[in-house]
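One structure below.
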Amino acid sequence: MRESRTFAERTRVLKSDETVKRYFLIFEGKDTEMIYFEAVRFLRADIGINPLIELIPVIRSFSEEGWSNPKKILDRVIENINESREQFISYESLLNRIMDYLYEKGIITTSRVLARNIWKIMQRTCEEQLKKSLNDVTEDIESSCNVLLKALKDEYKADNIIEDISEIIKAGGLTYDEGFDQICLIVDRDKESFVSALGNNQYQYVLDKCREMGFRFCVTNPCFEFWLLLHFDEVFDLDKEKLLDNPKTASKRRYTEHELRKIYPRYRKSSYNAEILVKHVDKAIENEKKFCEDIEALEYSVGSSIGILIDEMRRS
């Protein structure tokens, strides 16, 4: 996991009168939620959120791309926090931090082939030269970095592929200040998000673990598009049973997205004007109260707790 900012901008800020709180936003989805909360960040003063509050999206690193299971995402966040607290990292985390650096410096851009090849080279180097698996803990980060980076330079014949980044690697990870900042896990409650079986209720696991860790667990049932629908009063005209089941329609889109596109035709999961919606967030918060907001009941009920999160930001 990495913060959505460049390494050059990433700093460990001490609490002061200038910093109110940082909200680390961890999304199950890739685009829709990120677009919306970027608009919240941009318009925060307009909608009553203290301008000094930082909203920091957390992006999944290379080996985590494509993850959508909330339990898996949460467990990795906790692992990263423990690594920062205990000052140790696994080789998988080390490789991810190097990949993050390569992406942020533009050395890797959109080429998935290049990214996979670089990862394979580093993984092979771990196994053959360092005699370590990705689950092993690094004993000497700087030494391991040098071995990994030399392998990349030898493979690509590029002396300038990476400068000395050992200090950046050591200072990487989440800059979360436990007890002061807020981690927010923002997920959908759809049929494919959580495993729910006898002895393995992942929804309850995530809820209990978030409470234990002091994280904010934010759920929209069935999906984030329902939170977007709450910005319109037409949401009350929709079929609650269909919302909960969220079946595919003739257009092969889920019911919730299909209805959102009727009301907001320009909506696309990866491209939409979220500022238009955020300017009406008060209506969404008011409408949310007429559906389920209770985090335990949201496992089986149509509703959302995003409005509660935004209200909390206003009070911070």
Side-chain angles (χ1 to χ4, degrees), residues 23-30 32-34 36-37 40 57-58 67-75 77-78 182-248 254-260 269 274 277-278 281-315:
Y23 282 80
F24 292 85
L25 307 175
I26 300 161
F27 307 119
E28 174 189 345
K30 181 180 178 183
T32 310
E33 298 91 334
M34 181 82 78
Y36 184 86
F37 277 94
V40 170
V58 176
W67 287 12
S68 60
N69 181 274
K71 178 184 182 297
K72 194 173 184 179
I73 294 169
L74 175 63
D75 286 343
V77 171
I78 294 172
Q182 180 71 71
I183 295 257
C184 304
L185 182 63
I186 299 171
V187 304
D188 299 341
R189 174 54 177 131
D190 58 40
K191 296 178 180 178
E192 300 174 358
S193 290
F194 295 89
V195 172
S196 183
L198 185 64
N200 185 22
N201 184 335
Q202 291 190 351
Y203 189 95
Q204 191 64 46
Y205 171 90
V206 172
L207 174 58
D208 291 343
K209 187 61 71 171
C210 282
R211 284 172 171 166
E212 175 189 332
M213 298 294 297
F215 298 168
R216 167 69 69 182
F217 184 32
C218 302
V219 176
T220 302
N221 191 347
C223 58
F224 193 77
E225 277 93 352
F226 179 70
W227 164 252
L228 302 183
L229 277 167
L230 287 170
H231 293 70
F232 305 94
D233 285 335
E234 289 90 334
V235 69
F236 298 110
D237 299 329
L238 303 182
D239 186 318
K240 279 193 176 182
E241 289 187 9
K242 283 188 177 181
L243 280 170
L244 188 61
D245 190 51
N246 205 23
K248 285 189 176 179
R254 295 287 179 184
Y255 177 74
T256 309
E257 181 183 355
H258 180 73
E259 294 301 318
L260 177 60
K269 281 182 177 290
L277 301 178
V278 172
V281 72
D282 285 335
K283 178 181 289 292
I285 292 171
E286 178 185 348
N287 288 344
E288 179 184 280
K289 297 181 188 304
K290 296 178 176 65
F291 291 87
C292 180
E293 289 186 301
D294 179 79
I295 195 61
E296 294 198 18
L298 276 169
E299 183 177 4
Y300 301 110
S301 305
V302 173
S304 180
S305 59
I306 300 295
I308 294 174
L309 171 62
I310 292 176
D311 265 345
E312 179 190 303
M313 290 178 178
R314 285 170 158 173
R315 295 193 302 269

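The analysis underlying the following values was restricted to heavy atoms, covering all of them including side chains, and did not include hydrogens, waters or symmetry mates. If you read the sequence from its start, that first residue is 1, and numbering goes on from there. Predicted model only: the values in this text are computed from it and were never measured.
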For [Y], does its backbone N or O pair with a side-chain atom of [X] as donor and acceptor, under 3.5 Å?
X: E288; Y: G307; result: yes
X: E225; Y: E257; result: no
X: T220; Y: S304; result: no
X: R254; Y: N246; result: yes

Could you tell me if the ring centre of [X] sits under 6.0 Å from that of [Y]?
X: F27; Y: F224; value: no
X: F226; Y: F291; value: yes
X: F217; Y: Y203; value: yes

Any chance you could measure [X], atom [atom1], to [Y], atom [atom2], to the nearest 0.5 Å?
X: L230; Y: I306; atom1: CG; atom2: CD1; result: 10.0 Å
X: K72; Y: Q202; atom1: NZ; atom2: CD; result: 10.5 Å
X: S305; Y: R189; atom1: OG; atom2: CZ; result: 13.5 Å
X: I186; Y: L25; atom1: CD1; atom2: CG; result: 5.0 Å
X: Q182; Y: F215; atom1: CD; atom2: CZ; result: 8.5 Å
X: N287; Y: D282; atom1: CG; atom2: CG; result: 11.0 Å

Indicate every side-chain donor-acceptor pair of residues 234-245 with a distance under 3.5 Å to a residue at least two apart or in another chain.
{"unit_1": "D239", "atom_1": "OD1", "unit_2": "E241", "atom_2": "N", "d": "2.9"}
{"unit_1": "D239", "atom_1": "OD1", "unit_2": "K242", "atom_2": "N", "d": "3.1"}
{"unit_1": "D245", "atom_1": "OD1", "unit_2": "K191", "atom_2": "NZ", "d": "2.4"}

Legend entry - salt bridge (Lys or Arg N to Asp or Glu O under 4.0 Å) between K283 and E286, intermediate numbers included: CA-CA 5 Å; K283 178 181 289 292; E286 178 185 348; 6.0 Å; no

Inset, instruction - State, yes or no, whether a side-chain contact exists between Y36 and W227 at a heavy-atom distance under 4.5 Å. - result: yes

Legend entry - Heavy-atom side-chain proximity of L74 to M213 below 4.5 angstrom: no

Compare every heavy atom of [Y] with every heavy atom of [X], then report the nearest pair and how far apart it is.
X: M34; Y: P57; answer: SD-CB, 3.3 Å
X: L298; Y: C292; answer: CD2-O, 3.5 Å
X: L309; Y: C184; answer: CD1-SG, 3.7 Å
X: P222; Y: D188; answer: O-CB, 3.5 Å

Inset, instruction - Determine, for K209 against E212, whether the closest basic-nitrogen to carboxylate-oxygen distance falls under 4.0 angstrom. - result: yes

Inset, instruction - State plainly whether the residues D311 and R314 are in salt-bridge range, i.e. N to O under 4.0 Å. - result: yes

Inset, instruction - With sequence neighbours left out, write down each residue that passes salt bridge (Lys or Arg N to Asp or Glu O under 4.0 Å) with K248, or none if nothing qualifies. - result: none

Inset, instruction - Check I183, I308, I26 against R216 for a side chain to side chain contact (heavy atoms under 4.5 Å, CB included) and give me the one that passes. - result: I308

